[in-house]
Every structure is written in C-alpha cells, then in structure tokens.
Amino acid sequence: MGIGKLKIGGSWSGVLEVELDDWTVAMLRQEVAIRSDCGGPHCLNLICSGRVLRDGDGTEKLSQLGVKNNSKILALKVSTDREGKSVKDEFLAEEERSNRLSRLKAAATSLSSRHADGSLPVEDFNLELENQSGEKVQLGSETDQRAIMMGLMLHANAKALIRREQYEDALEVLTMGEEAFSLCDPKLIEMVDNVSILQIDMVWCYFMLHDISWLSVAGVRLSRARKGIERAHGKESSRLRVLQGGRYPELALHLRMELLEGVVAYHGGQLQKSKNVLTAAQAKYFQLQVPDETLSLLMSMGYKERESKRALRMNNLDVGSAVDFLVEEKMKKAQKREENLRRQQEIMEQKQYGVTPLRKAVDIQKLNELVSIGFEKELAAEALRKNENDTQSALDDLTNPETNSSLQNEVISRKRKRLRKAATAAIEKLVSMGFDRASVEAAVGAFGSEEAALNHLLEQPNGSAANPSVPLAETQGTQVADNSVLNAEQGGSGASQTGPSVVERDVEMEEELTEELQNADAYSDYDIEVIKEGEAIAHYLALLNSADNNNA
C-alpha cells in the first residue's frame, strides 16, 4: 500500500504522511500526540470509521486495521481522570448494542410467528417465502416456515450491516440467523442455498475483522458451505444454470468462497493449495470486470450504472442477455408491486372480518370458494371465522336455517359496531379541528362520511351546523366504511379470546427487518461488488509469490 495520507481532526488538525504497511496504532498516536502537545500518547483516543483504533499486540499495521490512504482520523483528548469515564462509556455502548441485538431477535421472532401461523397481520403486508423464480412456496410445517422466515430476516439484516462495514454486529446477527435455521428440518435446508451463503458471510466477517481466532472454525464453515451449495446448485452449478436459463449469478459468491478458502489454506501452511484456489478466484475476478465500453452501451439505453453492472456480471458480460435480464427484472418488479397492492387490499379485507377463536385471519381463498357457489361474502366470512376456517363446518352453518340466521345477526352486529367506531373516529377528528361537538355529532350522523360532514360544517355560519334528525345508528354503511377497515376490531362479536395474547410490537426493529426483505430479490445474495475481494486476492498472491522467491 506504501505511503498514505491521513486526514487528522480533533485535538490536532492536519495531514500526516505515513507508511500504512509499517506504522502501528501506537506510532500514529505518538506522532499525533507530539503535534497536538496533549501531554503524551496515553491522553489520546484515535477513531477511524466509527471505531476506536487499539494497540492490540502492538504488531498490527494500520493497513491491516482497515486504515487506507485519505482515511479520516479523529483524535480526541482523554485526561487521566476521564479514562475511567471512557471505559464506562464503552461499557454503556456495549450494553446498548447488546440491547439492540436482543430487540432485533425478539422482533424477528414476533414477525415470523405472526406471518407463518395464519394470524391476522397487524401490518398491511405479509411475509411469504418465494423460490428463485419469484413463486410462492410452502416449505414444511408451520415450525419450519417460522424458522426459515426468521433466518432469512436476520440474514438480510446482517447483509445490510456488512454493507455498512459493521462486521462485529453483523456476525452477532448471522449467529442468530444460524440458530433460527437450525430449528428447521435439515432435509428442507438441503434444498436451498441460504444457509451455505450465511456460512460464507460469517467467514467473511471473521476475515474483515482480522480476528486470527476465526481460523479454527472458518475451514469447517467453508467446507459445509461448499457442500451445501453443490447440493442446492448441482455439480458445477448445473441445476442452477438450468433454473437461471444459462445465467451466471453465482460467480461472485464462488469468488468470495475461494478467496476465503485460499486465506485459510495460507494461514494453515498449505501454500500450494492456497495458490491454486486464489488463482481460480482471481480468474473469476477478471471475468467479473465490466469493460467501460460495454457499460456505456447499456447506460446509453437509459439503464443506471449499478443495475447495468449487475446485469452484465450475471450474464457473463453478454450485452443481449443483460438487456433481456434488465427487462425481465423490471417486469418482475412491476408484478411484485401489483401483488403487494393486492395483498394489502386482501389484508384490509381480512381485518374487516375479524379473527377466529384462535386469532387467525379468515382464509381469503376459502372465502372466495364459498362466494363462488353463491353465498353472500360477509356471511360466508362470518361462517369461516366462527369455524376456524373449516370449509365443511362453515357450509353446514350456512345451509342450516337456524345457524344461518345467527350468522346474519353476527354480521349485522359487526357492521353496526364498525360503523359506530368509524363515526366516533370521524367525530373526534372533526372536534380536534375546532368544531362544536354537538354540531359534529349531528353532521356525521346525517351525512355519514367524515368528508361530507366537514363540507357541511364549513358551509355553516361560524362553523355551527343545523341539527339533522337522522339517528347515528342508522347511518349508511358504505360511506363510512372507508375509514373503518384498518380500525376493525380483532375478534368481532362473540369471538373467543383464547389463543396468544397481543404483544406490544417493536415497530422500529420490525421495520428495520422488513425493509431489507422488501427491497431484496432472487439475486440479492449473489450481488457482490468484489472490490475488496480483488484487493485481498492480489495481496495474498503477492505473499505467496514472495514465499516462492525466498525458497528458490
């Protein structure tokens, strides 16, 4: 890496030229201490990329700690009596980090439980498992579904941390993801490559943290990952190639795996094996380099640089195939948006029907089947809700005059309750705008919807409305139902409150987890920039060549 310039700020501001491959943290701290006249190196903390640079065993060089040319270093003075406070602050930061990870795990557990067992979603989306073609899949039992969902959520979150270079936190989350996947039937796990990719990501974090203790387990993890990928993708990715229509999405993933295998072999003294694997990784690295002319050609068609590179890498740099890929991906995204909108509307409809005695949502597919044979929708929904989505029991109730009458009464009662709740919400909103409560209640009772009531109130002198004589209970339902769907009570009239209780959600953590999943696609796990990988391959091959020259 040679001489690099470091931009120092804090107790001293300026630029230092240092030998990144030779200087240690202690040497840098000493130099900054002299220039800042702070009373000695022990009075300084050096912070780079959000983490404190520590001396360690005194042998690690700045380049090994991730300090690069033009890196920004913050130098903070720490007096002797403040060092204890710094330790305290560090302890509090670690405690906060631990608390955050606990919240993350709890949120993943809660989300996977709600979305795997048929419970009525409290959000306006649903987490569903898809294969690489974007098709919905049902893997195993409810327990298996929950374990896979939780593992995927945590893995996606860890990938986001890796992109932000927060490798220590990412490793913690990956470990939780690994635990979640372990709860699933091993035969199901063998069908997919997710766990193998997670193993590679764990070893990548070990490598980026420069933690020498990882060597004892990295080889084992990489061996499992290679076997798992071969099982899922086929020998030499033959099965994946068929599924992907001749595309090469896995190339960057194999590059990273081979780099890590080469590093493990190097530190294990297997120099020839290391050279062979790293040479193979370097060939893939060169294969993934996108020529400027090819990239410019795609960008001239209106595609962005990031998506153009991705398409070219996954299609062996073939422009025609890359364009087909981009068109196909655009169509898939449009279909996904339509599917998400349809699912949102479906969930809103489910909320309107309430939940079963075991607090499950009314099954829309079964509901549509009953409607298709002539039953009124709300009545059929009530029958399914009451009978825990058992179609035959619901049919029995619908065709029995006595139980059918009871169902109709339940539907009427539910509708009235929904209308009252919507009307109450409209009244409170209009009153909060400054209108007189009596006038608001009369207007909502007469005109039904919040918008119509507001228009009427605005037409009155000084905002006071005449007293229409239509009773609130007789308000027409179609006008106020728009605001009632999301507020519909869970459980409805006569629903048993047995089953799991509603636990307070950690919305912040749940949104963090689901944001990554909703932005991901079938190729996200294979989408690696390989810049750091290329640098590491060159570094270790240089070390191997140097060793060869010394032995010659």
Side-chain angles (χ1 to χ4, degrees), residues 112-131 133-146 148-149 335-418 477-478 481-482 484-496 498-500:
S112 59
S113 296
R114 292 204 306 269
H115 288 267
D117 67 358
S119 296
L120 184 67
V122 294
E123 315 89 349
D124 289 335
F125 64 86
N126 201 32
L127 297 176
E128 296 173 312
L129 298 176
E130 297 178 353
N131 60 19
S133 301
E135 300 167 339
K136 303 291 184 294
V137 291
Q138 187 82 19
L139 293 177
S141 66
E142 184 182 307
T143 301
D144 295 325
Q145 291 268 114
R146 186 160 50 242
I148 293 175
M149 280 185 181
Q335 289 172 357
K336 188 174 182 180
R337 282 194 296 271
E338 289 178 10
E339 174 64 20
N340 287 343
L341 181 60
R342 184 199 64 77
R343 182 58 185 140
Q344 285 177 359
Q345 292 170 342
E346 192 176 87
I347 290 171
M348 291 170 70
E349 182 182 352
Q350 285 177 306
K351 288 181 177 180
Q352 182 175 329
Y353 301 136
V355 293
T356 71
L358 293 180
R359 305 195 67 76
K360 309 297 183 186
V362 169
D363 189 309
I364 293 294
Q365 184 177 345
K366 292 180 178 179
L367 174 59
N368 290 336
E369 288 171 1
L370 289 175
V371 171
S372 69
I373 58 177
F375 292 104
E376 193 270 325
K377 198 166 194 178
E378 283 197 84
L379 199 63
E382 180 60 24
L384 285 169
R385 186 198 69 76
K386 179 183 175 186
N387 289 286
E388 206 62 56
N389 285 314
D390 184 309
T391 304
Q392 188 55 54
S393 298
L395 268 171
D396 292 342
D397 279 354
L398 288 165
T399 53
N400 182 307
E402 186 176 337
T403 52
N404 184 289
S405 176
S406 175
L407 291 172
Q408 290 188 44
N409 289 334
E410 292 283 2
V411 169
I412 293 169
S413 174
R414 179 185 298 280
K415 186 176 290 187
R416 283 178 176 170
K417 185 179 289 187
R418 192 165 65 243
T478 54
D482 288 343
S484 72
V485 176
L486 291 176
N487 297 319
E489 284 193 1
Q490 303 215 355
S493 185
S496 167
T498 58

**Student:** Taking only residues two or more places apart in sequence or in another chain, which ones pass side-chain hydrogen bond (donor to acceptor under 3.5 Å, both in side chains) with N389?
**Tutor:** none

**Student:** Can you list the residues that meet the side-chain hydrogen bond (donor to acceptor under 3.5 Å, both in side chains) rule with E376, with sequence neighbours excluded?
**Tutor:**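 Once residues adjacent in sequence are excluded, E376 has no partner under the side-chain hydrogen bond (donor to acceptor under 3.5 Å, both in side chains) criterion.
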
**Student:** Using the salt bridge (charged side-chain N to carboxylate O under 4.0 Å, His left out) criterion, which residues pair with E346? Sequence neighbours excluded.
**Tutor:**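 Per chain and number, E346 pairs via salt bridge (charged side-chain N to carboxylate O under 4.0 Å, His left out) with R342, R343.
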
**Student:** For the NZ atom of K336 and the CD atom of E338, what is their distance to the nearest 0.5 Å?
**Tutor:** 13.5 Å

**Student:** Scan residues 363-375 for pairs that pass salt bridge (Lys or Arg N to Asp or Glu O under 4.0 Å), counting only residues two or more places apart or in two chains.
**Tutor:**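 Pairs touching residues 363-375 that pass the test: none.
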
**Student:** Test of understanding: with side-chain hydrogen bond (donor to acceptor under 3.5 Å, both in side chains), list the residues that count as partners of N387, not counting sequence neighbours.
**Tutor:**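 Applying side-chain hydrogen bond (donor to acceptor under 3.5 Å, both in side chains) to N387 gives D397.
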
**Student:** Report the residues that fulfil side-chain contact (heavy atoms from CB on, under 4.5 Å) with L341, sequence neighbours left out, ordered by chain and then residue number.
**Tutor:** Q344, Q345

**Student:** For D396, what residues pass the side-chain hydrogen bond (donor to acceptor under 3.5 Å, both in side chains) criterion, not counting sequence neighbours?
**Tutor:** Q392

**Student:** What distance separates E410 CD from L379 CG, expressed to the nearest 0.5 Å?
**Tutor:**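 Going from the CD atom of E410 to the CG atom of L379 covers 10.5 Å.
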
**Student:** Nearest 0.5 Å please: distance from the CG atom of N409 over to the CD atom of E382.
**Tutor:**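 Rounded to the nearest 0.5 Å, the CG-CD separation comes out at 10.5 Å.
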
**Student:** Step by step, would you call R414 with E378 a salt bridge (Lys or Arg N to Asp or Glu O under 4.0 Å)?
**Tutor:** CA-CA 10 Å; R414 179 185 298 280; E378 283 197 84; over 6 Å; no

**Student:** Would you say that Y353 contacts L367 through its side chain, given a criterion of any heavy-atom pair below 4.5 Å between the two side chains?
**Tutor:**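 The answer is yes, as the side chains (C-beta and beyond) meet within the 4.5 Å cut-off.
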
**Student:** Show me the pairs that pass side chain to side chain donor-acceptor pair (under 3.5 Å) and involve residues 398-407, at least two apart or across chains.
**Tutor:** N404-Q408

**Student:** Let me confirm one number: the NZ-CG distance from K386 to L407, rounded to the nearest 0.5 Å.
**Tutor:** 5.5 Å

**Student:** Report the distance from atom CD1 of I347 to atom CD of E349, rounding to the nearest 0.5 Å.
**Tutor:** 11.5 Å

**Student:** Nearest heavy-atom pair of A383 and L398: which atoms, and what distance?
**Tutor:** CB-CG, 3.8 Å

**Student:** Say whether, by atom type as modelled, one donor and one acceptor occur between the side chain of R385 and the main chain of T356 under 3.5 angstrom.
**Tutor:** no

